[in-house]
Amino acid sequence: ISRLTQWKGVEYVAKAFVRLQEEFPNSLLHIVGAFSDSYTNVKNILSAADSNRYVLEPSNCNIPLFLHGLDAFVHVPVGIDDEAFGIVYIEALASRIPCVFTRSGVLNELESPELFAHLVAYRNSEEIYMNLARLIQGMHDSKIAVPESWLNQFSLEKMTNDYAKLLLSEI
């Protein structure tokens, strides 16, 4: 779930998938995100894979349902500051999906995210591929329980209160 723009790293996911599909031909890639500047690159990379094994859609109106249908989730912005916040990190972790991430956005604020997701180097399709292959082979935990206390810091109520305090302190 990411806009198809260069700094979101979707091209690296596509490269990893092409390789993954060679080894695991039943694998399926489903990318949800507005088509932007890297859409053509992603499409070109994926042309090496079976076109029946990937889906590109600009939006999805039921993200919770979409997430619960996944076997793994990948979100790999290309730099430490390239994700402004990254609610998608929290949504995926809350869904208990095995995740492959680069550290960016909110992951910079959370203690020990490597305990709950597989962290990979920036711009590294090989590490993305290796982690996904290990998940398929059963070499990684299939569901990772993130502590409620970790997720609760992003509840709607807490975030609303925090923003209200911030706004009131500015007045």
Side-chain angles (χ1 to χ4, degrees), residues 1-39 41-51 53-60 62-108 110 113-146:
I1 304 172
S2 185
R3 185 164 26 117
L4 276 74
T5 189
Q6 183 180 3
W7 54 275
K8 292 287 192 168
V10 181
E11 291 110 337
Y12 301 97
V13 177
K15 288 176 187 175
F17 176 73
V18 167
R19 181 155 177 225
L20 191 75
Q21 227 252 324
E22 291 171 1
E23 188 173 346
F24 304 98
N26 291 326
S27 57
L28 174 69
L29 174 66
H30 193 146
I31 298 173
V32 175
F35 299 167
S36 190
D37 59 86
S38 70
Y39 173 76
N41 281 347
V42 169
K43 238 352 217 160
N44 287 339
I45 292 165
L46 290 175
S47 69
D50 179 348
S51 63
R53 304 308 304 164
Y54 63 87
V55 175
L56 299 171
E57 68 177 327
S59 64
N60 186 302
N62 194 338
I63 296 302
L65 182 63
F66 173 73
L67 288 172
H68 285 290
L70 299 178
D71 294 317
F73 184 81
V74 181
H75 187 63
V76 290
V78 299
I80 196 163
D81 297 319
D82 285 330
E83 183 67 71
F85 180 77
I87 193 69
V88 70
Y89 286 125
I90 304 304
E91 291 170 331
L93 290 168
S95 297
R96 298 188 64 212
I97 304 165
C99 296
V100 177
F101 293 149
T102 54
R103 186 186 291 262
S104 193
V106 70
L107 286 191
N108 292 315
L110 299 173
E114 67 278 358
L115 297 176
F116 310 107
H118 307 284
L119 298 184
V120 297
Y122 303 108
R123 303 172 189 261
N124 194 317
S125 59
E126 179 64 21
E127 285 188 26
I128 297 166
Y129 158 78
M130 288 181 351
N131 277 276
L132 290 173
R134 287 182 187 131
L135 282 166
I136 291 170
Q137 295 167 338
M139 297 171 71
H140 282 323
D141 293 334
S142 61
K143 298 285 184 183
I144 299 171
V146 177

- Starting at OH of Y129, measure out to CZ of R134 and round the result to the nearest 0.5 Å. 9.5 Å

- Item | Atom pair CG/CG of D50 and L29 - distance to nearest 0.5 Å | 12.0 Å

Any side-chain heavy atom of [X] sitting closer than 4.5 Å to one from [Y]?
X    : Y    : result
I136 : L20  : yes
L119 : P113 : yes
L93  : C99  : yes

- With sequence neighbours excluded, what pairs up with Y122 under the side chain to side chain contact (heavy atoms under 4.5 Å, CB included) test?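 Only I80, T102, R103 meet the side chain to side chain contact (heavy atoms under 4.5 Å, CB included) criterion with Y122.
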
- Message: So, using side chain to side chain contact (heavy atoms under 4.5 Å, CB included) as the criterion, who are the partners of N60 when residues are at least two apart?
- Response: V32, E57, N62, I63, F66

- Tell me, with the steps shown, if V78 and Q6 meet side chain to side chain contact (heavy atoms under 4.5 Å, CB included). CA-CA 8 Å; V78 299; Q6 183 180 3; 6.0 Å; no

Taking only residues two or more places apart in sequence, or in another chain, which ones meet [X] in a side chain to side chain donor-acceptor pair (under 3.5 Å)?
X    : result
D37  : T5
E127 : N124
Y54  : none
S38  : none

Side chains of residues 11-19: which donor-acceptor pairs under 3.5 Å do they make with residues two or more places apart or in other chains?
| unit_1 | atom_1 | unit_2 | atom_2 | d |
| --- | --- | --- | --- | --- |
| R19 | NH1 | E126 | OE1 | 2.3 |
| R19 | NH1 | E126 | OE2 | 2.8 |

- Item | Verdict with reasoning, I90 to L110, per side chain to side chain contact (heavy atoms under 4.5 Å, CB included) | CA-CA 10 Å; I90 304 304; L110 299 173; 4.0 Å; yes

Residues forming a ring-ring contact (aromatic ring centres under 6.0 Å, His included) with [X], sequence neighbours excluded:
X   : result
F35 : Y39
F24 : none
Y89 : H75, F101

- Item | Residue pairs involving residues 72-87 (criterion salt bridge (charged side-chain N to carboxylate O under 4.0 Å, His left out); sequence neighbours excluded) | K8-E83

- Message: How about CD on E23, more than 12 heavy atoms from neighbouring residues, nucleotides or ligands closer than 6.0 Å, or not?
- Response: yes

- Any sub-3.5 Å donor-acceptor pair from N108's side-chain atoms to G105's backbone N or O? yes

- Item | Side-chain donor or acceptor of R53 paired with backbone N/O of S27 under 3.5 Å | yes

- Task: Over all heavy atoms of both residues, which pair between L4 and I31 is shortest? Give the atoms and the distance, please.
- Result: CD1-CG2, 3.7 Å

- Evaluate the side chain to side chain contact (heavy atoms under 4.5 Å, CB included) criterion for residues V100 and L132: first the C-alpha distance (whole Å), next the side-chain angles of each, then the deciding distance (0.1 Å), finally the verdict. CA-CA 8 Å; V100 177; L132 290 173; 4.2 Å; yes

